[in-house]
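One structure is given below, encoded as structure tokens.
Here the structure is a predicted model, which is why all the values come from computation and not from measurement.
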Amino acid sequence: MVLDNIRMPGDIQKLDPELYPELAREIRDFLLLKVSENGGHLASNLGVVELTMALHLAFSPPEDKIIWDVGHQSYTHKILTGRKDAFDGLRRFGGLSGFPKLRESSCDVYETGHSSTSLSAGIGLVQARELLGGDYGVVAVIGDGSLSGGMAYEALNNASRVHSNFIIVLNDNNMSISESTGGISTYLSRIRMAKGYNELKQDVANKLQKVPGIGGSLVETISRTKSSIKQLVIPGMLFENLDITYVGPIDGHNIPQMVRIFKEARQINRPILVHVLTQKGRGYEPAERRPSFFHGVSPFEPATGRPKKEKTAPTYTDVFARTICRLAAEQDRLVAITAAMADGTGLKRFASMYPERFYDVGIAEEHAVSFAAGLAVGGLKPVVAVYSTFLQRAYDQILLDVCLQKLPVIFAVDRAGLVGNDGETHQGVFDLSYLSQMPGMTILAPKNSGELKAALEFAVSFEGPIAVRYPRGTAYRGLKECRDPMVLGKSEVLKEGRFLVLLAVGSMVKTAAGVCERLLEEGICATFVNVRFVKPMDTELLDRLAGSHTLFVTLEDNVLRGGYGEAVTAYMHEAHRECRVLNLGVPDFFVEQGDTDVLYQALKLDERSVFRRIKEACAGEINT
């Protein structure tokens, strides 16, 4: 196999060019095999095989720096830099990350996991190179979906100040996670349609040069007015107007052409954007046909594309999707917003049922939140459905545009808590901390599928900023449902006990239920509380329980710093110093990739570990 010759960075440059097509095929076969076994981002990686090969042929990592925007499309890059044998542990705990990681290779120069960051990082590297006298190339690969993010435009605006070589590769597959939408997508579509422009320009120049006597001067005159010509042929010329040389669009699966252009681009002492057209999911028919579905997948059967584990029960996202559609039928002012994730957040159903009340703003979380604030000011009830990890990008907008104005915006915070295999950049373990800091914000963490429905009903009728957070995966259906109306700031006591109070947040209620059973077997009857409202905190309940309990244990799938547990500790320190508080949650470090069950065990937040930690805290104090 040709792929066996790739053992370390630079090996691809030793191959006979005639072997490039075979290497591309073998890489795709390898990716299909490993992702089908481990899960991961398939369609995006299949689409950039030739592009990645061309970059490694034209440049020499780690000396030259390649930054991958978002980073989930870096699998071929990892193969070409000597990490093929590590793919058996792809996205597993302690194994190969699905994103660039500095700890894995010096060829991974920047850790990316959220979109629209590569251009800013690239400009920083270029300026560092100039100040320190370096001579390496800097390439930022950014997708058309990521180019819808505002941070990318801040960087493009700043790029005009760069007076040395900086190469931007625009990987245009007309997709983000879902299909790209908005003005930039339309703009790029027009450029694609004008693909013949550059060929026409060169053809005209060649023919004019042959005109006796005046050919050269004609070409020179036309060159002086080329900007005007471009304005007519390619609408906007956005990049040229920003002093960024534009080349393209070119075939992102034509390796020789890309290598030639990349090498030529390296000689230009200014920012240059190479517009490359690729096909997401290329080479695997199911992924070509359904690129959004195969963006991020669980283990599947390669022959059919079907998941190895068929979904047997609804997920929290499914419950949200059905509930929000039902509520929209009852309230015609309810609208929904997504940031390029209609599929992932469950809003695809809403979009098909209420297209005039659905808004996909592209990968632009900050805009999504301020846009929602404007909708609320206009009299609508907006629901912003977003993953926890992406919502944190809009911290300022939530704080000042929504909370300061006390606007009735609902944040449906999906993938809260430990998400798993995507690793550090995707764990949703910070939302309770940053949302709790905001004056006027209400935070609900339902314990199961039934309570998620009730929480959404409460949120729709609530007049003010409110966040409903729920985890990834199958919706928990255990524990009895409280038939009493949900009351602002009131927790639910699931079981009355003595001495010990276990306060569990959201998805951790399921874990706490098992812990309480284990404690009871040891003769410890704990009071079991479903926190439900993280903010406002149920201080009346804490006051009541302080009279008959000596140890309060909080359990949350959020970082301990700034989380629910710290809020309880602070309150009890002021009001009930005689009581002890034990906070159980995510420690103060970034949590790597791995199956969620493995991660909970590693963090000692699984049922058995929590039981042991509580029992140790009880030793010598609780008289059983």
Side-chain angles (χ1 to χ4, degrees), residues 9-10 13 51-52 54-69 77 107 109-110 116-143 146-147 151-172 191 197-199 201-202 205-206 209 216 219-231 233-234 236-250 252 255-276:
Q13 297 179 1
L51 170 58
T52 309
L55 287 169
H56 279 261
L57 287 164
F59 302 94
S60 298
E63 289 79 15
D64 294 321
K65 317 301 181 185
I66 302 174
I67 305 172
W68 298 91
D69 206 289
H77 166 78
C107 295
V109 298
Y110 200 86
S116 312
T117 58
S118 66
L119 303 187
S120 299
I123 293 172
L125 269 169
V126 169
Q127 300 293 50
R129 178 189 68 197
E130 299 311 303
L131 284 174
L132 299 177
D135 190 37
Y136 52 84
V138 177
V139 183
V141 184
I142 186 168
S146 293
L147 204 59
M151 186 175 173
Y153 291 94
E154 295 176 22
L156 287 173
N157 180 62
N158 189 234
S160 64
R161 299 184 179 184
V162 174
H163 301 296
S164 63
N165 183 253
F166 174 41
I167 300 172
I168 301 168
V169 177
L170 172 55
N171 173 32
D172 182 2
I191 293 180
Y197 166 71
N198 287 304
E199 297 173 0
K201 180 183 70 174
Q202 189 59 51
N206 291 337
Q209 286 280 9
V219 171
E220 185 179 350
T221 301
I222 290 175
S223 295
R224 294 195 197 103
T225 60
K226 66 179 182 179
S227 294
S228 298
I229 295 172
K230 287 181 179 179
Q231 291 286 356
V233 179
I234 303 179
M237 281 309 299
L238 171 65
F239 307 111
E240 293 277 356
N241 290 340
L242 290 169
D243 290 328
I244 299 171
T245 300
Y246 171 85
V247 176
I250 64 174
I255 295 175
Q257 182 187 34
M258 285 188 289
V259 171
R260 176 179 59 81
I261 290 175
F262 290 152
K263 287 183 176 180
E264 292 174 354
R266 182 69 178 90
Q267 306 307 312
I268 298 176
N269 286 322
R270 59 179 296 176
I272 178 170
L273 184 143
V274 182
H275 183 183
V276 176

Mark yes or no for whether S116, through its side chain, and S146, through its backbone, hold a donor-acceptor pair below 3.5 Å.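 Present.
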
D69 side chain to T117 backbone, donor-acceptor under 3.5 Å: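 Side chain of D69 to backbone of T117: a pair is present.
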
Got M151 and S120 here, is their nearest side-chain heavy-atom distance under 4.5 Å?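 Yes, at least one pair of side-chain atoms sits under 4.5 Å.
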
Do F166 and I168 come close enough that some side-chain heavy atom pair is under 4.5 Å?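 F166 reaches I168 side chain to side chain.
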
Atom [atom1] of [X] and atom [atom2] of [Y]: how far apart are they, to the nearest 0.5 Å?
{"X": "L170", "Y": "I142", "atom1": "CG", "atom2": "CD1", "answer": "7.5 Å"}
{"X": "L119", "Y": "N157", "atom1": "CG", "atom2": "CG", "answer": "12.0 Å"}
{"X": "E264", "Y": "Q267", "atom1": "CD", "atom2": "CD", "answer": "9.0 Å"}
{"X": "L273", "Y": "E240", "atom1": "CG", "atom2": "CD", "answer": "9.5 Å"}

Work out which heavy atom in [X] is nearest to a heavy atom in [Y]; give both atom names and the distance.
{"X": "N165", "Y": "A265", "value": "ND2-O, 2.7 Å"}
{"X": "G137", "Y": "D64", "value": "N-OD1, 2.7 Å"}
{"X": "A159", "Y": "I244", "value": "CB-CD1, 4.0 Å"}
{"X": "H77", "Y": "H56", "value": "ND1-NE2, 3.0 Å"}
{"X": "V162", "Y": "P271", "value": "O-CD, 3.4 Å"}

Between W68 and T52, is the side chain to side chain contact (heavy atoms under 4.5 Å, CB included) condition met? List the steps. CA-CA 10 Å; W68 298 91; T52 309; 3.4 Å; yes

According to the interplanar angle, ranging from 0 to 90°, do the rings of F59 and F262 count as parallel (below 30°), tilted (30 to 60°) or perpendicular (above 60°)?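 Correct class here is tilted.
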
Knowing that exactly one of V138, L156, N158 qualifies, which makes a side-chain contact (heavy atoms from CB on, under 4.5 Å) with I123?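 Result for side-chain contact (heavy atoms from CB on, under 4.5 Å) with I123: N158.
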
Only one of H275, R260, M258 passes side-chain contact (heavy atoms from CB on, under 4.5 Å) with I250; say which it is.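 Option passing the side-chain contact (heavy atoms from CB on, under 4.5 Å) with I250: M258.
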
Side chain to side chain contact (heavy atoms under 4.5 Å, CB included) between Y153 and L147, intermediate numbers included: CA-CA 8 Å; Y153 291 94; L147 204 59; 3.9 Å; yes

When you look at I67 and L125, which way does the side chain to side chain contact (heavy atoms under 4.5 Å, CB included) test go after all the steps? CA-CA 10 Å; I67 305 172; L125 269 169; 3.6 Å; yes

Side-chain donor-acceptor pair under 3.5 Å between D243 and S160, yes or no?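 Looking only at side-chain atoms, S160 and D243 do not form any donor-acceptor pair under 3.5 Å.
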
Is NZ or CZ of K65 both nearer than 6.0 Å to the six-membered ring centre of Y136 and within 45° of the ring axis?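 Here K65 passes the 6.0 Å and 45° test against Y136.
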
